[in-house]
Structure formats: structure tokens, C-alpha cells
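To start, the structure itself, in C-alpha cells.
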Number of protein chains: 2
Amino acid sequence: MDGTTPLTIDALTRLTASLDADLQATNRAIVARMDSPVALIPQLAAHLVAAGGKRLRPLLTLAAARLCGYEGERHVQLAACVEFIHTATLLHDDVVDESVLRRGLASANAVFGNKASVLVGDFLFARAFQMMVADGSLEVLRILSTAAATIAEGEVLQLSTQNDIATTEDKYFEVIRGKTAALFAAACEVGAVLANRPPAECAALANYGMDLGMAFQLVDDALDYNANVAELGKTIGDDFREGKLTYPVLAAISAGGADEQAFWARTIGAGEQTEADLTAALALIARHNAIERTIDKAREFAGAASRALDIFPASTLLDNLQEIALYTTARRS
Amino acid sequence: MDGTTPLTIDALTRLTASLDADLQATNRAIVARMDSPVALIPQLAAHLVAAGGKRLRPLLTLAAARLCGYEGERHVQLAACVEFIHTATLLHDDVVDESVLRRGLASANAVFGNKASVLVGDFLFARAFQMMVADGSLEVLRILSTAAATIAEGEVLQLSTQNDIATTEDKYFEVIRGKTAALFAAACEVGAVLANRPPAECAALANYGMDLGMAFQLVDDALDYNANVAELGKTIGDDFREGKLTYPVLAAISAGGADEQAFWARTIGAGEQTEADLTAALALIARHNAIERTIDKAREFAGAASRALDIFPASTLLDNLQEIALYTTARRS
């Protein structure tokens with residue numbers, strides 16, 4: 001987690017700055033299309049918009065479209081669709097995980113209740129499809145409806161593997177490919193499709209997004225066991241308490257002896273945890289360098305993401321996209 | 001609730017029988033498209049399929065398509081889409097309402113948990129859109145994505161009016177138009193769109209579905225206060241316990257004096273209920289003929305639904321569709 005350098009942080013800042021006008025237009029589209037005569041919908045939506053976030057997924061759609069030479073305005077509405085689908089899954093995730101915090105602020109379910117979160121998530125999901133229909137590309141609709149189904153499958157698979165300490169690394173990768181990387185891939189692919197680029201370029205951007213998403217989620221899973229992030233307003237140990245079999249735990253389990261297996265079987269397998277167990281888990285994870293191994297794995301995916309874009313001609317935008325893959329593995333929040 | 005006659009019951013039986021081959025094909029499509037490598041999805045889906053139900057909404061799509069002279073096979077997949085959207089909303093409704101029963105059987109959330117119900121609902125919703133994209137009609141996608149957004153708005157509005165005894169009749173109609181009638185309307189309209197019928201016929205079928213859906217939900221809300229249905233395995237008083245302002249309660253509130261207002265303010269407004277309160281509520285509803293007034297209102301909508309189809313030439317299918325509007329107001333479950 002100490003790979004953070006000004007260079008890599010700057011890559012995301014530079015990418016965001018270079019697409020500032022597009023991103024502002026996307027934010028306006030998000031606010032405009034969250035509106036509804038049913039007051040609770042824009043109220044809850046405003047809570048989410050205020051919470052901010054990096055807008056990484058819509059940024060990828062905007063960047064991919066521009067990388068492919070797209071010069072129209074459709075990418076703005078479609079970037080907003082991508083963010084709506086992401087927001088809908090966040091709302092439902094927070095209900096499923098019973099989260100009380102999201103990006104350091106009270107989560108929507110904590111403020112408005114689980115019921116409103118489920119239903120407003122449904123609204124945003126439906127609204128995203130209405131916006132795609134208005135755009136009119138069946139290919140875009142195909143990509144994003146498939147991503148939405150894949151996300152749900154990944155989430156259900158995560159639920160099925162919860163508390164199962166026999167979960168394999170492959171199964172874990174299947175979970176994060178579904179729950180996270182599929183939307184990164186779709187967000188990027190849509191940009192190329194908009195620009196009517198040939199299949200090889202659409203596939204290159206989809207592969208970039210997929211590997212970037214894998215790296216992103218691996219780092220997210222590492223951060224959940226990183227005590228240094230607590231000061232940033234995030235809680236740590238959520239995955240441990242929920243019995244999620246993430247990479248740092250899988251790495252520690254596979255490296256540990258029988259006594260450690262018994263610890264994981266009790267705390268994550270059976271979900272029997274005391275106050276001191278998170279500290280013990282962090283110690284086992286540190287003993288086996290499981291965070292470093294998670295970040296190393298993230299770097300492999302980030303490298304693959306970067307290489308996937310090598311077919312595009314050199315440009316500042318290309319540099320930024322390749323660098324944010326590196327940024328992803330160095331981020332601290 | 002005593003208008004049940006062999007004639008009207010027969011209308012739905014006859015409609016179902018006349019579309020038997022289409023309906024069997026739809027059931028096969030439903031089972032085939034609920035499949036997923038993630039085992040929990042087909043498991044939960046099988047629970048829903050086993051629970052049966054009338055398949056009223058897909059039946060409407062099939063019937064509307066045939067009424068419009070459609071002779072292809074697309075209506076089968078789209079009828080399955082309509083059922084998937086309906087099933088997704090049921091799964092989320094049961095989580096929101098904390099229901100333990102659905103059609104007399106344990107609800108999916110009671111068996112598989114709220115988390116799985118939320119996520120499998122999301123999967124079915126996304127899968128429905130994938131199937132529409134495979135069908136390829138942007139007009140069908142427009143109709144069903146708009147219906148999906150309207151359903152969510154209706155559900156959120158219902159949540160906002162919960163426990164508010166100042167809710168108006170108009171607001172109630174807005175809720176049921178969204179949460180129920182919009183999908184009936186879309187299910188019917190899709191059949192006409194498939195057959196490339198002129199706008200007047202598409203609108204006639206949409207209006208038929210909308211008014212039929214209003215009648216259907218009014219009767220549903222009456223049945224929730226009908227002690228006779230308890231023997232059919234349904235619970236009664238769910239809406240009362242949840243503080244929902246449905247037509248029977250609105251009718252009783254508007255007809256009652258100050259002491260009755262105080263009763264409703266305590267039990268539904270403040271949600272303070274004792275064991276005896278449901279019996280007292282039923283007595284007030286009976287005193288003001290609120291069930292009969294609800295059914296009368298349902299009959300108005302059913303009559304309008306039937307008349308909307310008068311522009312179609314006479315046929316047995318037309319007769320059946322017009323008669324099921326009447327059946328809707330006479331059903332007991």
C-alpha cells in the first residue's frame with residue numbers, strides 16, 4: 001500500500017481534468033434524470049450525489065469514447081446510465097451487507113431505510129434502461145443488460161460463498177469479475193461502440209476495463225484489512241465481520257497451519273467472533289504478507305489492463321488510461 | 001365479493017385454455033432463462049415457479065398479440081420478460097413488506113433470506129432486459145423500461161404514504177396505477193406492438209390493461225380485509241398491520257366520525273395496534289360498506305377496460321378478454 005506516488009495519483013487527476021467538460025455534463029444528466037414527481041426519489045438520490053465518489057465508471061465511458069475519436073454527445077447520457085447502474089447496485093449492496101457507512105458518510109439505507117434503498121435502486125436501474133432506449137443503440141443495450149445480469153450473478157455467488165472457508169481463488173475471481181469488473185468492462189466497451197470502432201478495439205477496451213476492475217476490487221479487498229485507512233473515515237474489517245472470503249483471507253488461509261485454519265473456521269466459517277478476533281486476523285494476514293500478495297495480484301491485472309490498450313496510437317489520453325491502472329493499485333481509499 | 005358466477009370464472013379458464021400452447025411455451029422459456037451457473041439463482045427461481053400463480057400478465061401479452069392477429073413466436077419470449085419483471089418486483093416487495101407468505105406458501109425471502117431475494121430480483125430484472133434486447137424491438141424496450149420505472153415510482157410513493165391517514169383517493173390511485181396497473185398496460189400494449197398494429201389499437205390495449213390492473217388491485221386490497229379468504233391460505237389484515245392506506249380504509253375513514261378518525265390515527269397513523277384492533281377495523285369497514293364500495297370502484301374500472309376493446313372486431317378471444325375484466329371483480333383469491 002506504500003506505492004502511492006505523485007505520478008500515479010496525478011494520472012487520475014489529469015484524466016478527470018482532461019474530461020472536465022464531459023464530466024460536468026454527466027453530473028448534470030445524473031441530477032436531471034434522477035428527478036421524479038415522487039419526492040423521496042430525488043431526496044435519496046441527492047444524498048447519493050452529495051456523497052460524491054470518484055465517478056470512475058462514467059469517467060471510463062467518457063475516456064474510452066474520446067480515445068476512440070468520438071465527437072458527439074451520446075457518451076454523456078451513457079456515462080450517466082453506467083453511474084445509475086452502479087448506484088443501484090450500491091444501494092442494494094448496502095441493504096444486503098447491512099452497511100451503515102458509505103464513503104465515510106451514513107449510507108442511504110441507514111438514513112432512509114432498507115425499503116427505500118431497495119425501491120430507489122430499482123428505479124435507477126429502470127431509469128438507466130429508459131435512457132439507453134432513448135439513445136437507441138441495441139448494441140449498447142446488449143452490453144449493459146448483460147453486465148447487469150453478470151453483476152447480479154456475481155453478487156449471488158458472493159452470497160453463496162460467504163462463510164465458506166473452502167472457497168477457491170478461482171471462485172473468488174469469478175465473484176469479483178461479476179460484481180465489479182463486468183461493469184468496468186462494459187463502461188469502457190460502450191465508449192468504443194459509440195464511436196463505431198472495429199471489434200478488436202471494442203474488445204481491447206472491454207479487456208482493459210475487465211482487468212482494471214479486477215485490480216480495483218483486489219485493492220478494495222486489501223484496504224478492508226488496512227488499519228491505515230481508518231483515519232480516512234472508512235471502517236476496516238467489514239469483510240471479516242460479514243464472513244466474506246476475499247483474497248487477503250484466502251492468501252492467509254492457504255499459507256497457515258492447522259491452528260490458523262481452526263481460527264478461520266471459527267471466525268469466518270462459523271461466524272463466531274469476539275472483539276479481539278479482528279486484531280488476530282490482521283496479525284495472521286500480516287504474518288503471511290497477505291496484503292502484499294493481494295496487491296501483487298492487483299498489479300498483475302493492472303499490467304494486463306495497461307497492455308490491452310497497446311493497440312491504440314500514442315496520445316496523452318492513452319497515457320492517462322494506462323497510468324490509472326497503476327494508480328488503482330496504489331490508491332489508499 | 002359475492003358476484004362470483006360460473007360464467008365469469010370460466011372466462012379466465014377459457015382464455016387460459018385457448019392459449020394453452022403459447023402458455024406452455026412461455027413456461028418453458030421462463031424455466032430456461034432463469035438458469036444460471038450460480039446455483040442459488042435457479043434454486044430460488046424454482047421455488048417461485050413451483051408457487052405457480054395465475055400467470056395473468058404473460059397471458060395478457062399472449063392474448064393481446066393473438067387478438068391483433070400476430071402469428072409469430074416473439075410473443076412467447078416477451079410474455080416471459082413480463083413475468084420476470086413481475087417476479088422481480090414480487091421478490092423486492094416481499095422484502096420491503098417483510099412478508100412470510102406468498103400465495104399461501106412460504107415467501108422466497110422467508111426461505112432464502114432477504115439478501116438472496118434482493119439479488120435474484122435484480123438478476124431477473126436484468127435477464128428480462130437481455131431477452132428484450134435479443135428480441136430487438138426498441139419500442140418494446142421503451143414500453144417495458146418505462147413500466148419498470150413507473151412501478152418503482154409507485155412503490156416508493158406507497159412507502160411515502162404509508163401510515164399517512166391524510167392520503168387522498170387520488171394519491172391512492174396514483175400508487176396502484178404505478179405499482180400494478182402500469183405493468184398490466186405494458187403487457188397488453190406489447191402484444192399490439194409486436195403485431196405492428198396502428199397506434200389506436202396499441203392505445204386501446206394499453207388502456208384495457210391499465211383499467212384492468214386498477215380493478216385487479218382494488219379487488220386485491222378488498223380481499224386483504226375479507227375474512228372469507230383466510231381459508232384459501234392467504235392471511236388477512238397484512239395491509240392494516242403495515243399501515244397501508246388502501247381503498248377500503250380510505251372509504252371507511254372518509255365515512256367515519258371523529259372517534260373513528262382517532263381509531264385510524266392510532267392504529268394506522270401511529271401504527272399502535274393491539275390484537276383486537278384488526279377485528280375493530282373490520283367492523284368499521286363493514287359498517288360503512290367499504291368493501292362493497294371498493295368492489296363498485298373496481299367494477300367501474302373493469303367496465304372501462306372492457307369498453308376500451310370495443311374497437312376490435314368480434315371474436316371469441318375478444319369476448320374472453322372483456323369477460324376477464326368482469327372476472328377480476330368477482331375473484332376470491
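Naming convention: chains lettered A, B, ... in sequence-line order (proteins, then strands); numbering from 1 in each chain.
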message: Looking only at side-chain N and O atoms, does Gln162(B) offer a donor or acceptor that is under 3.5 Å from a partner on Lys244(B)?
response: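 No, no side-chain donor-acceptor contact under 3.5 Å.
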message: Please identify, among Leu141(B), Val156(B), Leu157(B), the residue contributing the most non-hydrogen atom pairs under 4.5 Å to chain A.
response: Val156(B)
message: Between Phe184(A) and Phe216(A), is the ring centroid distance below 6.0 Å?
response: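 Centroid distance Phe184(A)-Phe216(A): below 6.0 Å, so yes.
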Can you say whether [X] sits under 4.5 Å from chain B via the side chain, the backbone, both, or neither, judging by heavy atoms?
X: Gln43(A); result: neither
X: Thr146(A); result: both
X: Leu159(A); result: side chain

query: Is the backbone N or O of Ala152(A) less than 3.5 Å from a side-chain atom of Asp122(B), with the two atoms forming a donor-acceptor pair by type?
result: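 It does not hold such a pair.
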field: Under 3.5 Å: donor-acceptor pair, side chain of Thr61(B), backbone of Cys188(B)
entry: no
Part of Asn114(B) lying under 4.5 Å from any heavy atom of chain A: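 Looking at Asn114(B), nothing touches chain A.
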query: Contact part of Ser36(B) toward chain A, heavy-atom cut-off under 4.5 Å: side chain, backbone, both or neither?
result: both
message: Ring-plane angle category for His92(A) and His92(B), please: parallel below 30°, perpendicular beyond 60°, tilted otherwise.
response: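 His92(A) and His92(B): perpendicular rings.
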